[in-house]
Protein chains: 2
Amino acid sequence: MHGFHGVTVSQIVAESGTSKGGFYHHFQSKDELLYVIHDYFISYVLTKAKEADSSSKNPTEKLQKIIQSFVKVFHLYKPHISVFYQESIYLKPEYTEEIKKKRDSYKKLIFKCLEEGKESGEFRSEVPVDITGMTILGMVNWTYKWYQPGGEKTIEDIGNIFVDLILNSLLTEQAKQKKEYQSFFLKSDINQDQI
Amino acid sequence: MHGFHGVTVSQIVAESGTSKGGFYHHFQSKDELLYVIHDYFISYVLTKAKEADSSSKNPTEKLQKIIQSFVKVFHLYKPHISVFYQESIYLKPEYTEEIKKKRDSYKKLIFKCLEEGKESGEFRSEVPVDITGMTILGMVNWTYKWYQPGGEKTIEDIGNIFVDLILNSLLTEQAKQKKEYQSFFLKSDINQDQI
DNA sequence: GCCTAGAGACCGACTGGTTGGTCTGTCCAA
DNA sequence: TTGGACAGACCAACCAGTCGGTCTCTAGGC
């Protein structure tokens with residue numbers, strides 16, 4: 001395939017201090033590099049989400065862990081993610097399919113977690129799994145558009161806020177009272193003043 | 001400027017049944033077309049948000065109206081929005097600046113609304129305006145990646161779910177009890193059975 | 001009513017520039 | 001000597017934008 005793709009191979013080669021020959025010695029195509037880049041950060045969130053899924057039976061705790069690691073990936077791999085979203089439009093079908101599989105398995109983990117939360121009665125029964133799942137994916141994925149490392153809020157701050165917002169909208173009044181969940185919520189200003 | 005930009009002018013010209021000459025007779029450049037496309041749908045949400053801002057003194061009601069119209073734009077202008085996000089990466093600075101201005105003014109309207117809600121005491125004081133604002137922008141903007149017109153859920157359904165999730169995470173326990181807000185929340189399964 | 005001049009809408013082959021990818025060749029370690 | 005890591009000039013493809021030319025429609029003189 002030919003044509004302009006935002007970041008050119010010549011640029012990549014120049015900034016990484018190698019050459020066209022060197023690049024194509026390591027990668028079959030520019031698409032393959034993009035695939036590798038995607039795999040680099042999707043593997044992180046997938047691993048972390050699977051860890052959360054297996055290390056805990058509690059959907060609320062699971063979701064908290066998933067979101068925290070999900071947000072963190074935008075700190076760890078911001079350049080990778082930015083490049084991926086910029087270039088992924090032009091990926092050849094064979095690569096998009098492989099990428100879609102991994103993204104789907106991540107989506108399913110979130111959906112499964114929401115399902116479990118509803119079944120256990122901790123999440124409100126009236127919220128639909130699919131749209132809520134896409135809401136979580138959307139709000140977190142969108143951070144790549146505005147998150148600035150070294151900004152006012154750390155990535156942990158942002159993760160805590162996301163968790164607070166999501167759990168406040170999903171948990172039943174009863175579940176919100178559980179003592180072991182209090183650490184998942186933002187401290188109210190009153191409490192902060194007292195400390 | 002030269003280079004590949006996802007959707008080519010030749011494609012646009014072919015599918016709209018005109019010609020290169022015709023196209024460049026109406027638009028100075030491909031960038032100008034993109035700018036016009038963006039203006040088309042950003043004007044819609046901006047107008048609706050300003051209407052909500054002026055027609056109501058109540059932050060909760062405002063936010064509900066803003067989100068509903070914000071979601072709706074993805075139904076009305078899905079093709080426009082998809083093309084814009086796909087191509088906007090390559091826009092010349094002069095156009096991105098103009099677009100950024102309109103997007104910023106929309107963002108400010110949402111931030112202002114959140115601020116007012118906190119001041120009036122209806123929104124929880126511990127949620128930060130900036131991240132919460134970006135959360136709303138993120139979850140709604142992301143719908144362009146998954147929303148399918150004619151799917152299981154209508155755009156109104158999706159809007160209602162978003163409003164429910166956001167208000168449940170922002171409103172204080174006290175504010176949630178207000179009778180006039182009950183219509184903003186999803187009906188619980190129990191109530192649905194009774195009807 | 002008729003004819004003409006001219007302006008603007010529209011056409012499409014062509015150009016200049018840019019890009020992903022190739023190919024020949026060099027260097028160096030085993 | 002030989003095979004793999006790397007270099008960089010080069011090529012074919014491809015795209016935004018141009019430019020000379022054509023078509024259409026209207027204004028206005030007769």
Side-chain angles (χ1 to χ4, degrees), chain A residues 1-42 77-103 144, chain B residues 1-42 77-103 144:
Chain A
M1 224 272 242
H2 296 273
F4 187 67
H5 291 64
V7 179
T8 67
V9 173
S10 301
Q11 278 176 286
I12 295 166
V13 152
E15 288 190 36
S16 59
T18 58
S19 64
K20 277 278 186 73
F23 180 88
Y24 282 97
H25 182 74
H26 290 290
F27 301 103
Q28 282 196 353
S29 64
K30 195 187 166 186
D31 282 12
E32 193 183 300
L33 171 66
L34 249 194
Y35 174 79
V36 170
I37 286 173
H38 178 264
D39 229 59
Y40 204 66
F41 66 83
I42 196 77
Y77 302 114
K78 212 217 166 187
H80 302 74
I81 295 168
S82 297
V83 167
F84 172 74
Y85 279 123
Q86 210 166 97
E87 311 285 318
S88 61
I89 314 155
Y90 311 110
L91 271 173
K92 282 209 204 79
E94 57 221 73
Y95 287 103
T96 51
E97 272 173 43
E98 282 305 308
I99 284 169
K100 197 177 177 302
K101 278 183 196 166
K102 296 217 174 182
R103 304 206 130 225
Y144 95 92
Chain B
M1 221 273 241
H2 297 274
F4 186 64
H5 291 65
V7 180
T8 67
V9 173
S10 301
Q11 277 176 283
I12 294 166
V13 151
E15 288 190 37
S16 59
T18 57
S19 65
K20 276 275 185 76
F23 179 88
Y24 283 97
H25 182 75
H26 290 290
F27 301 102
Q28 281 197 353
S29 64
K30 195 186 167 185
D31 282 12
E32 193 183 299
L33 170 66
L34 250 195
Y35 174 78
V36 170
I37 286 175
H38 178 264
D39 228 58
Y40 205 67
F41 66 83
I42 197 78
Y77 303 113
K78 212 218 167 187
H80 302 74
I81 295 167
S82 297
V83 167
F84 173 75
Y85 278 124
Q86 208 166 96
E87 310 286 316
S88 61
I89 314 156
Y90 311 111
L91 271 173
K92 281 209 205 81
E94 56 222 74
Y95 287 103
T96 50
E97 272 173 42
E98 282 304 307
I99 284 170
K100 198 178 176 300
K101 278 182 196 167
K102 296 217 173 182
R103 304 206 130 226
Y144 95 92

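- Counting to the nearest Å, the C1' atom of D/dT18 and the CZ atom of B/Phe27 are 18 Å from each other.
- Rounded to an integer number of Å, the gap from B/Gln28 CD to D/dA16 P is 17 Å.
- Under the 3.5 Å distance criterion, with hydrogens and angles disregarded, a donor-acceptor pair is assigned to the side chains of B/Thr8 and B/Gln11.
- Using a 4.5 Å heavy-atom cutoff, the side chains of A/Asp39 and A/Ile99 are not in contact.
- Not one N or O on the side chain of A/Asp31 forms a donor-acceptor pair closer than 3.5 Å with the backbone of A/Leu91.
- A salt bridge links B/Glu98 with B/Lys101: at least one charged nitrogen is closer than 4.0 Å to a carboxylate oxygen.
- For A/Glu94, the CD atom sits in a packed shell: over 12 heavy atoms of surrounding residues, nucleotides or ligands are nearer than 6.0 Å.
- Taking the centre of each ring, A/Phe41 and A/His80 stay at or above the 6.0 Å mark.
- In this structure, the side chain of B/Glu87 engages the main chain of B/Val7 through a donor-acceptor pair within 3.5 Å.
- Atoms CG (B/Leu34) and C1' (D/dA16) sit 13 Å apart, rounded to a whole Å.
- Shown here for A/Tyr95 and A/Ser29, the closest heavy-atom pair between the two residues is OH-OG, 3.9 Å.
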Which parts of nucleotides 24-30 of chain C does protein reach within less than 4.0 Å, heavy atoms only, written one letter per nucleotide 5' to 3' as B for base, S for sugar-phosphate only and - for none? -------
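- With rounding to whole Å, B/Asp31 atom CG is found 12 Å from D/dG17 atom C1'.
- Between the axis at the start and the axis at the end of the helix from C/dG1-D/dC30 to C/dA30-D/dT1 there is an angle of 10°, using five pairs per end and rounding to 10 degrees.
- No more than 12 heavy atoms of other residues, nucleotides or ligands shown are found within 6.0 angstrom of OH on A/Tyr40.
- In this structure, the ring of B/Phe84 has its center less than 6.0 angstrom from the ring center of B/His38.
- Between A/His26 and A/Phe23, the ring centre distance reaches or exceeds 6.0 Å.
- Between the CZ atom of A/Phe23 and the P atom of D/dC10 there is a distance of 22 Å, given to the nearest Å.
- Note: OH (A/Tyr24) to P (D/dC10) measures 18 Å, nearest angstrom.
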Could you write nucleotides 1-9 of chain D as a row of B, S and -, 5' to 3', where a protein heavy atom under 4.0 Å of any base atom gives B, of only sugar-phosphate atoms gives S, and otherwise -? ----BSBBB
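- Separating the CD atom of A/Glu32 from the P atom of C/dG20 is a distance of 16 Å, rounded to the nearest angstrom.
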